[in-house]
**Q** 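Pasting a structure here, questions to come.
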Number of protein chains: 2
Amino acid sequence: MSSKNDSRENILSAATRLFHIQGYHATGLNQILKESGAPKGSLYYHFPNGKEQLAIEAVNMMARLIEGELREHFSLFDDPVQCIQYHIQFIAKKFDDIENLKSLPVGLMAAETSLFSEPLRTACLSAFEGWEKLYCDKLIQQGYEDTFAKEISTVINSMIEGAITRSLANKNGAPLYLAAESIQLLLKK
Amino acid sequence: MSSKNDSRENILSAATRLFHIQGYHATGLNQILKESGAPKGSLYYHFPNGKEQLAIEAVNMMARLIEGELREHFSLFDDPVQCIQYHIQFIAKKFDDIENLKSLPVGLMAAETSLFSEPLRTACLSAFEGWEKLYCDKLIQQGYEDTFAKEISTVINSMIEGAITRSLANKNGAPLYLAAESIQLLLKK
DNA sequence: GTCTATAAGCCGATAGAC
DNA sequence: GTCTATCGGCTTATAGAC
């Protein structure tokens, strides 16, 4: 891999972390550059459309990252309830060491930018829809009815994003653990 | 009411609206002052601790506002499922006219500021806990077991906040309507 | 491709006249 | 209590040397 890609990737991975933890408006380009070690000139070389483009690519990167985690967690059990509970508890564990929180899904970015930037909104929407597709497929595969699977997937994804916010306010993962418990109520056959 | 209180209330109500729709960092004091018609000097007279104090009072105001709506909706039916569904659909309707969205709960503020300002985090937490107390009391009153009522109240509140974010990304209230439907699964006796 | 210097504007906050 | 002028710092973005 050439140094060109290193620089680009350093910027993008710092941006992905900071945007998703601090939010879009609280994160300055200077902070991203400082953490990535790259100078400002190369940011605008690699991301000519500036902050908005960087944020869109950061959301896409986070989307793929979470998608990978979901695929992994879905391969652990046949039962969707167990898989989804495992996934939520996996997120909840990050709150045990809240000072070193280093990645969260796109909920904050979506809430901040959906009324502010149409391209950013659609990037967040694509992330949500991609994850929900994975929930849905797993549910259908295990015998749930198609329409129910699709609808409950959106509900589950919403619940997870909300429980993350609630856990942030709580300064611990308790609300996420409660959400995990309630998955069996939502998916009771 | 004296003009002193008018000025203070104008600033606070503009701040409440803007903070909860745009977020803390995206909302400038200049914008709040412009919308409220007050000059900058009087903002710092009424809110000597500046932006953070203003945001805390805005969260408290929104907490009381939603609390009033919840009390009203809880008086409509005996069945908690019906009450909560009514409340969620009440929020969902605001997304029919998304351009004129004028108030949302504190989810965005909580997600943005919980790792940023401890006083703001606790203000958001108090808002959440106040609403959840109302859910909990209604559930206990209708025969649900105490521990279950308390836990499911946090889950319901989380789900609502998450469904709001999901509806913002969707640019319509569909995810909130799905969340409303799923309340009966969470509260099935 | 990389890097620096700088522009132009907005931010929150303050001082001080009235 | 109200209002204005202004400060220092930060923001995104750009111009241009290397």
Side-chain angles (χ1 to χ4, degrees), chain A residues 1-59 108-109 112-113 115-120 123, chain B residues 1-59 108-109 112-113 115-120 123:
Chain A
M1 209 59 91
S2 76
S3 68
K4 169 201 166 184
N5 287 330
D6 278 3
S7 170
R8 193 182 199 280
E9 277 179 36
N10 285 341
I11 293 172
L12 185 53
S13 72
T16 302
R17 184 165 32 88
L18 291 168
F19 277 141
H20 287 91
I21 290 175
Q22 304 183 340
Y24 182 83
H25 291 103
T27 303
L29 297 184
N30 292 333
Q31 188 186 12
I32 292 170
L33 291 168
K34 195 176 163 192
E35 291 221 8
S36 71
K40 186 163 291 194
S42 73
L43 188 153
Y44 278 94
Y45 172 78
H46 292 296
F47 305 91
N49 282 355
K51 189 179 187 179
E52 191 180 49
Q53 180 189 353
L54 186 53
I56 290 169
E57 298 206 27
V59 169
L108 170 53
M109 289 283 278
E112 257 191 309
T113 66
L115 296 172
F116 168 80
S117 156
E118 197 60 11
L120 261 168
Chain B
M1 205 61 91
S2 74
S3 68
K4 169 201 167 186
N5 288 330
D6 278 2
S7 170
R8 191 182 200 282
E9 277 180 37
N10 286 341
I11 293 172
L12 185 53
S13 71
T16 302
R17 185 165 30 90
L18 291 169
F19 277 141
H20 287 90
I21 291 174
Q22 302 183 341
Y24 181 81
H25 291 102
T27 303
L29 297 183
N30 292 331
Q31 187 185 11
I32 293 170
L33 291 167
K34 195 176 164 192
E35 291 221 9
S36 71
K40 185 164 291 194
S42 73
L43 187 151
Y44 279 93
Y45 173 77
H46 293 294
F47 305 91
N49 282 354
K51 189 178 187 180
E52 190 179 51
Q53 181 189 353
L54 186 52
I56 291 168
E57 299 206 26
V59 168
L108 171 53
M109 290 282 279
E112 257 191 308
T113 66
L115 296 172
F116 169 81
S117 156
E118 196 62 10
L120 261 168

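Quick note on labels: first sequence line is chain A, next is B, and so on, each numbered from 1.
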**Q** Rounding to an integer number of Å, can you tell me how far A/E52 CD sits from D/dT11 P?
**A** 19 Å
**Q** Rounded to the nearest angstrom, tell me the gap between atom OH in B/Y45 and atom C1' in D/dT2.
**A** 10 Å
**Q** Using modelled atom types only, decide if a donor and an acceptor are shared between the side chain of B/T113 and the backbone of B/M109 within a distance under 3.5 Å.
**A** yes
**Q** Please report the distance, rounded to the nearest Å, between CG in A/L33 and P in C/dA5.
**A** 15 Å
**Q** Once you apply a heavy-atom cut-off of 4.0 Å, does B/G41 come out as touching a base, just sugar-phosphate, or nothing?
**A** base
**Q** Between C1' on D/dC10 and CD1 on A/I32, what's the gap in Å once rounded to a whole number?
**A** 14 Å
**Q** I need the A/E35 CD to A/N10 CG distance, nearest 0.5 Å.
**A** 11.5 Å
**Q** Tell me the interatomic distance from A/L18, atom CG, to D/dT12, atom P, rounded to whole angstroms.
**A** 12 Å
**Q** Is A/E112 reaching over with its side chain to a backbone N or O of A/Y24, donor-acceptor style, under 3.5 angstrom?
**A** yes
**Q** Is B/I11 close to B/S42 at the side-chain level, that is, under 4.5 Å between some pair of heavy atoms?
**A** yes
**Q** Using atom NZ of B/K34 as one end and atom P of C/dC11 as the other, report the distance to the nearest whole Å.
**A** 10 Å
**Q** Students often get this wrong, so: under 4.0 angstrom with heavy atoms, is A/G50 touching a base, only sugar-phosphate, or nothing?
**A** sugar-phosphate
**Q** Rounded to the nearest angstrom, tell me the gap between atom CG in B/N49 and atom C1' in C/dG12.
**A** 13 Å
**Q** For the side chain of B/L29, counting heavy atoms from C-beta on, which of C/dG12, C/dT2, D/dC3 is nearest?
**A** C/dG12
**Q** So which heavy atom on A/A58 is nearest to which on A/H20, and how close?
**A** O-CE1, 3.5 Å
**Q** Using the side-chain heavy atoms of B/K40, tell me which of these nucleotides is nearest: D/dT2, C/dC3, D/dA5.
**A** D/dA5
**Q** For C/dA13, take OP1 and OP2 only and decide whether either is under 4.0 Å from a side-chain N or O of B/Y44.
**A** yes
**Q** Quick one: is C/dC11 close enough that its OP1 or OP2 comes under 4.0 Å of any side-chain N or O from A/H25?
**A** no
**Q** For B/N30, which contact category applies under a 4.0 Å heavy-atom criterion: base, sugar-phosphate, or nothing?
**A** sugar-phosphate
**Q** With respect to the side chain of A/K51, which nucleotide from D/dA13, D/dT2, C/dG12 is positioned closest?
**A** D/dA13
**Q** For the pair made of CD in B/Q31 and C1' in C/dA13, what is the distance, rounded to whole Å?
**A** 18 Å
